[in-house]
Amino acid sequence: MKVIILILLALSVLTFSQVLIGINGNFATLQESNGFVELRSLDQIGASFVISEKSGRAYFIYNKKITIIEKNGTVSVDFLDVYPKSAIYTKDKVMIDIDLFSKIMNVKKYETATGQIALLDSVCILTSVNFSQNELRLSFLGFPFIEMMKVSTQKSKILIQLAPCLSNLPSTNAVKISQDGNVTSLEITLEKDAEPSVTVKIDRSSMTLGLRFPQVGREVIADGVSWEQKVEKIGGKDMIVNYLWIDPNLVELKPQISGGGIGTFESVEKMVARTGAVAGINANYFDPNTGLPIGLLIVNGKILSLPYGNRPVFVQTESGSVYIARMYFDLNIRVGQLLFLVKGVNTVAQGEVLIFTPEFGITIPRRDGMIYFNVVEGKISGYGWSAKAPQNGYILAISANYEKYLQGIQIGDKVDYVINTDFPYPIKHAVEAGPLILYSGAPIPDRSDEKNRYGGNIARSNATRTLLATLSDGKVVLAVINDQNGSGGVNYDDLVEFCMNKGFYSAMNFDGGSSSVMVIRDQVVSKTSAAWTRAIPVSLLVIKKNNK
């Protein structure tokens with residue numbers, strides 16, 4: 001047996017980022033912290049990961065190679081090579097040293113044009129560049145991916161960096177091409193005397209960049225939905241603002257969870273493309289460590305996450321009307337004649353009464369001191385822990401402190417949700433975020449308190465912002481606000497003034513910063529430092545009402 005020792009870094013503080021892995025044109029996003037990557041979301045590249053209930057070991061299987069991870073951090077590959085202290089194994093996640101992971105997967109570590117780590121089995125080669133009629137098509141030998149591209153625009157010019165990428169193409173009058181290490185740079189000169197908005201679409205072996213000039217007016221992208229891009233003065237700074245002007249009588253505003261379920265990540269453009277939506281933006285706050293949404297989340301009347309604090313909620317009712325409101329909302333569950341207050345839905349947090357729905361994308365926590373019930377079609381169907389909830393039901397976990405009250409529960413007993421709320425209309429979709437900016441046409445009176453409800457100086461710092469507003473006629477505006485000159489964006493007070501000047505009725509923030517994005521169909525239209533966007537757990541999509 002060959003023993004290889006890798007040094008485990010001291011992880012006093014875990015800071016998470018995202019790493020991309022690409023094999024044979026299939027890509028997945030992984031969580032990374034201090035040189036370790038989480039073994040999750042790898043089914044997209046043909047790998048599988050399971051944890052044995054009996055032994056407690058974690059098994060990672062790829063390309064007929066078996067990797068075993070022990071709880072003490074020891075990793076063994078194919079029962080031959082042993083790597084002590086090369087994994088982090090907690091109740092919430094299993095992470096492995098990124099260099100060892102690269103070796104197991106037979107990939108190399110690269111840096112993209114924007115500094116993101118990418119683990120790839122090969123590097124693209126740029127083979128041709130064709131530019132005509134406001135469309136630039138880049139063809140490759142290999143598999144391009146959106147995260148490898150960084151785009152910036154100037155008046156009559158587009159600057160592109162591709163990394164990692166190789167090319168020996170010559171320059172032309174319209175397109176200058178240069179190579180520096182693994183970075184291919186392109187400078188495209190436009191005939192039009194204006195700064196374009198660049199949208200990017202990828203197929204298997206090419207990238208197509210479409211040039212659009214929405215600053216000349218609103219562009220109708222679907223019945224009831226118009227897009228507009230403008231340079232606006234906000235807080236004394238020139239900001240680029242992308243707007244979606246929406247008639248909710250003609251479209252639906254629906255929260256969309258990641259394709260892997262709650263607790264996993266997916267980019268907004270992939271959610272839009274996967275669902276056939278008209279457009280989308282990033283939505284609520286989330287825990288970057290777990291991928292779990294923070295705050296109330298309701299989709300098609302189904303509760304997927306419970307509220308967090310006194311934060312604002314965007315609601316579309318069953319009738320199609322839209323509201324921004326603070327609301328009282330709690331969930332009780334009636335089991336037979338017993339009534340319990342539910343402490344959490346789809347969460348890894350501790351709680352005396354928890355519910356896990358089929359949308360929960362990770363393994364349901366198995367804890368001593370909890371009693372688990374399977375509920376199918378509103379009735380108790382079985383007892384005991386399960387890793388996943390049944391498709392037509394959920395898992396109900398109740399603290400053993402209530403065991404004496406539960407002894408009479410039998411198979412077939414009825415189970416009901418009991419919702420307590422002061423919101424007066426049936427809720428179809430809801431997503432919580434904040435801060436609340438305007439309410440009923442005016443700044444909120446508890447403005448100072450509202451700023452303090454959000455950690456990390458979210459309200460007071462300058463940042464890219466995602467904004468949702470309602471108008472007095474019942475229509476909706478979605479906006480993403482980006483800086484132009486490195487100012488870092490705008491703060492809460494800037495947004496209050498901006499929303500008042502625009503005549504919005506009520507307005508609230510969604511998550512901002514690196515999460516902020518606006519997508520039309522499968523193309524990013526908001527101004528970003530790169531054409532790729534951060535993978536997130538939940539988006540808000542604009543969907544045609546006949547697109548079920």
#### Entry: Backbone N/O of T74 and side chain of S86: donor-acceptor pair under 3.5 Å
no

### Message
Does K343 have more than 12 heavy atoms from other residues, nucleotides or ligands lying within 6.0 Å of its NZ?
### Response
no

### Backbone N/O of C165 and side chain of T184: donor-acceptor pair under 3.5 Å
yes

### Query
Looking at side-chain heavy atoms only, is the closest gap between P390 and I395 below 4.5 Å?
yes

### Summary
Minimal heavy-atom distance between K65 and V77, with the atoms involved, is CD-CG1, 3.6 Å

### Query
Is any side-chain heavy atom of T67 closer than 4.5 Å to a side-chain heavy atom of L100?
no

### Residue that, paired with F145, satisfies ring-ring contact (aromatic ring centres under 6.0 Å, His included) out of Y110, F140, F27
F27

### Message
With a 4.5 Å cut-off on side-chain heavy atoms, are M271 and I536 touching?
### Response
yes

#### Entry: Side chain to side chain, K109 and I117, heavy atoms closer than 4.5 Å
yes

### Query
Ring centres of Y383 and F373 under 6.0 Å apart?
yes

### Task
List the steps, then state whether side chain to side chain donor-acceptor pair (under 3.5 Å) holds for N282 with S515.
CA-CA 6 Å; N282 63 295; S515 296; 5.2 Å; no

### Query
What do the steps show when you test L396 against F340 for side chain to side chain contact (heavy atoms under 4.5 Å, CB included), and what is the final call?
CA-CA 11 Å; L396 172 63; F340 296 95; over 6 Å; no

### Query
How long is the span from the OG1 atom in T357 to the NZ atom in K388, to the nearest 0.5 Å?
9.0 Å

### Query
What is the minimum heavy-atom distance between Y405 and L338, and which atoms define it?
O-CD1, 3.0 Å

### Task
With rounding to the nearest 0.5 Å, note down the distance linking CD1 in I45 to CE in M105.
3.5 Å

### Query
Counting only N and O atoms by type, is there a donor-acceptor contact under 3.5 Å from the side chain of S516 to the main-chain atoms of S514?
no

### Query
How about I146 and E269: do any of their side-chain heavy atoms sit closer than 4.5 Å?
yes

### Query
Step by step, would you call L292 with V348 a side chain to side chain contact (heavy atoms under 4.5 Å, CB included)?
CA-CA 8 Å; L292 299 179; V348 296; 3.8 Å; yes

### Gap separating the OG atom of S305 from the CG atom of L297, nearest 0.5 angstrom
6.0 Å

## Note on the structure
So OH of Y394 and CD1 of I303: to nearest 0.5 Å the spacing works out to 10.0 Å

### Query
For D180, does the CG atom have more than 12 heavy-atom neighbours from other residues, nucleotides or ligands under 6.0 Å away?
no

Show which side-chain atoms of residues 407-420 pair as donor or acceptor with protein atoms under 3.5 Å away, not counting sequence neighbours.
residue : atom : partner : partner atom : Å
D413    : OD2  : Q410    : N            : 2.9
N420    : ND2  : D330    : OD1          : 3.1

### Query
Checking S381 side chain against N374 main chain: does a donor-acceptor pair fall under 3.5 Å?
yes

### Query
Between atom NZ of K451 and atom CG of N491, what is the distance when rounded to the nearest 0.5 Å?
7.5 Å

### Query
Do L296 and V431 come within less than 4.5 Å of each other through their side chains, counting heavy atoms only?
no

### Task
Kindly say whether F79 contributes a backbone atom to a donor-acceptor pair with the side chain of S76 at under 3.5 angstrom?
no

### Query
Can we say D97 and K85 salt-bridge, meaning some charged N sits less than 4.0 Å from an Asp/Glu carboxylate O?
no

### Query
Hey, does the side chain of R204 reach the backbone of G25 with a donor-acceptor pair shorter than 3.5 angstrom?
yes

### Task
Would you please classify the geometry between the Y454 ring and the Y285 ring as parallel, tilted or perpendicular, with 30° and 60° separating the classes?
tilted

### Task
Measure from the side-chain N and O atoms of Q31 to the backbone N and O of N289, and report whether any donor-acceptor pair falls under 3.5 Å.
no

### Query
Less than 4.5 Å apart, any side-chain heavy atom of N310 and any of D449?
no

### Query
Is any side-chain heavy atom of L42 closer than 4.5 Å to a side-chain heavy atom of F60?
yes

### Task
Working to the nearest 0.5 Å, report the span between CD of E32 and CD of Q18.
10.5 Å

### Message
Using modelled atom types and a 3.5 Å cut-off, is there a donor and acceptor pairing between side-chain atoms of S526 and backbone atoms of M518?
### Response
yes

